[in-house]
Amino acid sequence: MRKGILTIAAVGLLTTGGLTACGDDSGDKAASTKTPKIGVILPDSKSSARWETADRRFLEEAFKAANVKYDIQNAQNDKTAFQTIADQMITGGVTALMIVNLDSGTGKAVLDKAKSQGVATIDYDRLTLGGSAQYYVSFDNETVGKLQGEGLSKCLTEKGAKNPVVAYLNGSPTDNNATLFKAGYDSVLKPKFDSKEYVKGPEDAVPAWDNAQAATIFEQQLTKANGKIDGVLAANDGLGNAAISILKKNKLNGKVPVTGQDASTEGLQNILAGDQCMTVYKAVREEAKAASDLAIALAKGEKKDTGQTVKDGDRDVPSVLLTPKAIYKDTVKDVIADGYVTKEEVCTAAYAKLCADAGIS
């Protein structure tokens with residue numbers, strides 16, 4: 001794997017030892033007397049391909065390498081199923097539980113039940129507000145949003161846009177990450193709206209990151225704006241592709257910059273084709289490794305010091321935050337070189353020449 005595309009921010013190595021910030025360690029004590037077993041609940045497979053194609057793969061690799069028992073399941077955006085899976089995992093003897101919550105309410109209920117049963121817990125990728133997870137592993141999500149805002153601004157400048165109308169397709173209102181992404185891109189774009197350099201266009205949140213709904217929402221936005229949308233801040237590649245599908249119907253694709261996130265195969269192909277301005281690459285392999293290292297330790301009744309915390313109300317949650325990277329046409333090759341996607345997946349027949357032109361060999 002090519003080194004250096006993404007690093008752990010301000011944490012360095014995870015070290016074994018006491019962690020006073022962890023607070024309640026009842027889960028650790030219980031885990032130390034049981035056979036280590038890790039449960040992981042992923043959120044869905046529709047909002048982003050990453051959960052099944054990347055996170056599951058990299059977590060399984062880590063657990064197999066450590067020779068630890070594990071159970072990875074996907075709730076498919078069903079809150080009832082999420083809680084049922086958690087109950088079954090707890091009953092089935094997991095000693096550590098890692099969740100990607102569907103919303104903070106459901107996540108908190110699951111984390112609190114796990115804690116009451118002496119099961120150690122980790123919030124993976126999404127922080128559960130008001131929850132009780134012993135660790136939080138994710139990316140610096142405000143930075144993700146900032147990179148998107150900067151990317152859209154860069155692409156609008158390159159197109160010579162004057163007083164461009166910018167529409168927002170925000171992520172799910174129940175996902176704390178979506179709130180952080182928006183804070184990031186607002187920090188870049190709001191000053192431009194305030195100064196009248198840019199014009200704030202339609203803005204909508206997309207429930208459950210649903211791509212089909214995103215297409216409908218964007219079509220309504222375009223109609224509302226009388227076809228005058230010059231840039232789209234789409235919070236991930238799926239939402240970006242939904243907007244692009246509507247732009248194509250109106251022969252505006254390639255003329256209107258669209259952002260994204262996740263460096264999905266589809267998103268990278270859209271960038272190569274000139275239909276998407278940029279994406280944000282989050283090296284899931286590194287995120288999965290950091291989370292699995294913590295989960296394996298917790299499952300064995302051990303603790304690690306992350307050297308960093310994130311505030312959740314009055315609680316300091318020991319955390320690992322990783323640094324994301326903006327990807328444009330000339331750096332699509334970096335994502336492939338990093339092993340996140342393969343050349344074969346991205347450079348299909350329709351994209352072969354575009355790949356060659358972008359230096360992907």
Side-chain angles (χ1 to χ4, degrees), residues 5 46-50 53-54 144 147-161 164-169 171 185 201 206 209-212 214-219 221-222 227-282 324-361:
I5 191 170
K46 288 179 64 179
S47 67
S48 176
R50 62 164 284 192
T53 63
V144 170
L147 292 175
Q148 291 173 317
E150 291 171 346
L152 185 60
S153 180
K154 175 178 182 288
C155 294
L156 286 168
T157 298
E158 289 174 351
K159 289 188 175 295
V165 176
V166 175
Y168 278 16
L169 279 176
Y185 47 76
V206 179
W209 296 91
D210 186 281
N211 298 332
T216 301
I217 289 168
F218 183 70
E219 191 158 35
Q221 288 185 343
L222 196 60
K228 174 61 176 170
I229 289 177
D230 303 298
V232 183
L233 196 299
N236 76 355
D237 289 346
L239 304 189
N241 188 66
I244 289 166
S245 70
I246 303 304
L247 291 172
K248 283 181 177 177
K249 282 175 58 176
N250 290 274
K251 296 181 169 51
L252 292 171
N253 60 302
K255 300 175 183 178
V256 178
V258 179
T259 65
Q261 172 190 176
D262 290 336
S264 67
T265 297
E266 184 176 64
L268 295 174
Q269 289 174 334
N270 282 336
I271 291 172
L272 291 169
D275 292 335
Q276 186 168 320
C277 156
M278 57 82 69
T279 188
V280 178
Y281 174 49
K282 302 186 299 188
K325 178 181 173 67
I327 297 295
Y328 299 88
K329 187 177 291 188
D330 62 347
T331 51
V332 167
K333 60 181 180 291
D334 292 350
V335 182
I336 294 172
D338 215 37
Y340 184 68
V341 293
T342 66
K343 176 186 174 183
E344 290 70 29
E345 288 168 335
V346 176
C347 302
T348 56
Y351 296 90
K353 185 178 185 306
L354 294 172
C355 281
D357 293 345
I360 302 167
S361 57

Student: Does the side chain of K159 come within less than 4.5 Å of L156's, by heavy atoms?
Tutor: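 Side chain of L156 against side chain of K159, heavy atoms only: no contact under 4.5 Å found.
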
Student: Kindly list each side-chain donor-acceptor pair under 3.5 angstrom involving residues 230-237, sequence neighbours excluded, with atom names and distances?
Tutor:
from : atom 1 : to   : atom 2 : distance (Å)
D230 : OD1    : K228 : NZ     : 3.1
D230 : OD2    : V165 : N      : 2.8
D230 : OD2    : K228 : NZ     : 2.9
N236 : OD1    : G238 : N      : 3.2
N236 : OD1    : L239 : N      : 2.9
N236 : ND2    : S47  : O      : 3.4
D237 : OD1    : Q261 : N      : 2.8
D237 : OD1    : Q276 : NE2    : 3.0
D237 : OD1    : T279 : OG1    : 2.8
D237 : OD2    : A263 : N      : 3.1
D237 : OD2    : S264 : N      : 2.8
D237 : OD2    : S264 : OG     : 3.1
D237 : OD2    : T279 : OG1    : 3.2

Student: Do V206 and I217 come close enough that some side-chain heavy atom pair is under 4.5 Å?
Tutor: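 In short, these two side chains touch, coming nearer than 4.5 Å.
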
Student: Would you mind listing every ring-ring contact (aromatic ring centres under 6.0 Å, His included) that reaches into residues 228-247, with sequence neighbours excluded?
Tutor: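 Matches after skipping sequence neighbours: none remain.
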
Student: Between atom CG of L147 and atom CG of L152, what is the distance when rounded to the nearest 0.5 Å?
Tutor: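 Here the rounded value is 12.5 Å.
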
Student: Might you point out which heavy atoms bring A326 and M278 nearest each other, and give the distance in Å?
Tutor: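 Looking at all heavy atoms of both residues, the shortest contact is CB-CE, 4.0 Å.
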
Student: Return the set of residues passing side chain to side chain contact (heavy atoms under 4.5 Å, CB included) with A49 (not counting sequence neighbours), or none when no residue passes.
Tutor: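 Partners of A49 by the side chain to side chain contact (heavy atoms under 4.5 Å, CB included) criterion, ordered by chain and then number, come out as T53.
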
Student: Would you mind listing every salt bridge (Lys or Arg N to Asp or Glu O under 4.0 Å) that reaches into residues 254-263, with sequence neighbours excluded?
Tutor: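 Residue pairs with at least one partner in residues 254-263: D262-K282.
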
Student: What is the minimum heavy-atom distance between L169 and A243, and which atoms define it?
Tutor: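 Minimum heavy-atom separation between L169 and A243: CD1-CB, 4.0 Å.
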
Student: Quick test of your reading: applying ring-ring contact (aromatic ring centres under 6.0 Å, His included), list the pairs with at least one residue in residues 241-267, sequence neighbours left out, ordered by first then second residue.
Tutor: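 Non-adjacent pairs meeting ring-ring contact (aromatic ring centres under 6.0 Å, His included): zero.
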
Student: Under the rule for salt bridge (Lys or Arg N to Asp or Glu O under 4.0 Å), what residues qualify as partners of E219, not counting sequence neighbours?
Tutor: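 E219: salt bridge (Lys or Arg N to Asp or Glu O under 4.0 Å) contacts with K249.
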
Student: Is there a side chain to side chain contact (heavy atoms under 4.5 Å, CB included) between Y328 and T331 once you walk through the steps?
Tutor: CA-CA 5 Å; Y328 299 88; T331 51; 4.3 Å; yes

Student: Rounded to the nearest 0.5 Å, what separation is found between the CG atom of D275 and the CG atom of N253?
Tutor: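 Answer rounded to 0.5 Å: 4.5 Å.
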
Student: If you measure from CD on Q148 to OH on Y168, what distance do you get to the nearest 0.5 Å?
Tutor: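 Atom-to-atom, Q148:CD and Y168:OH are 10.5 Å apart.
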
Student: Between K154 and E158, does any NZ, NE, NH1 or NH2 come within less than 4.0 Å of an OD or OE carboxylate oxygen?
Tutor: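 Yes.
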
Student: Not counting sequence neighbours, list each pair that qualifies as a side-chain hydrogen bond (donor to acceptor under 3.5 Å, both in side chains) and has a residue in residues 343-352.
Tutor: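 For residues 343-352: T342-E345.
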
Student: According to side chain to side chain contact (heavy atoms under 4.5 Å, CB included), who are the partners of K46, at least two apart in sequence or on a separate chain?
Tutor: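 Scan of K46 (side chain to side chain contact (heavy atoms under 4.5 Å, CB included), adjacent residues dropped) gives D44, D210.
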
Student: Who are the side chain to side chain contact (heavy atoms under 4.5 Å, CB included) partners of N250, not counting sequence neighbours?
Tutor: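 Scan of N250 (side chain to side chain contact (heavy atoms under 4.5 Å, CB included), adjacent residues dropped) gives L222, I246, L252.
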
Student: Any chance the side chains of N241 and N211 put a donor and an acceptor closer than 3.5 Å?
Tutor: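 No, no side-chain donor-acceptor contact under 3.5 Å.
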
Student: Could you note down all residue pairs passing disulfide bond (SG atoms under 2.5 Å apart) where residues 245-278 supplies at least one of them, sequence neighbours left out?
Tutor: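 Every disulfide bond (SG atoms under 2.5 Å apart) pair that includes a residue of residues 245-278, provided the two are not neighbours, is C155-C277.
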
Student: If you apply the rule side chain to side chain contact (heavy atoms under 4.5 Å, CB included), what do you find for V346 with L272, and how did you get there?
Tutor: CA-CA 9 Å; V346 176; L272 291 169; 3.8 Å; yes

Student: Please list, one pair per line, the donor and acceptor atoms closer than 3.5 Å that link side chains of residues 353-361 to other protein atoms, with sequence neighbours excluded.
Tutor:
from : atom 1 : to   : atom 2 : distance (Å)
K353 : NZ     : D357 : OD2    : 2.9

Student: Just verifying a value: how many Å separate K333 NZ and I327 CD1, rounded to the nearest 0.5 Å?
Tutor: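 Separation between the atoms: 9.5 Å.
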
Student: Quick one: list whatever passes side-chain hydrogen bond (donor to acceptor under 3.5 Å, both in side chains) with Y185, sequence neighbours left out.
Tutor: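 Expected list: N170.
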
Student: Taking the side chain from T157 and the backbone from S153, do they hold a donor-acceptor pair closer than 3.5 Å?
Tutor: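 Side chain of T157 to backbone of S153: a pair is present.
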
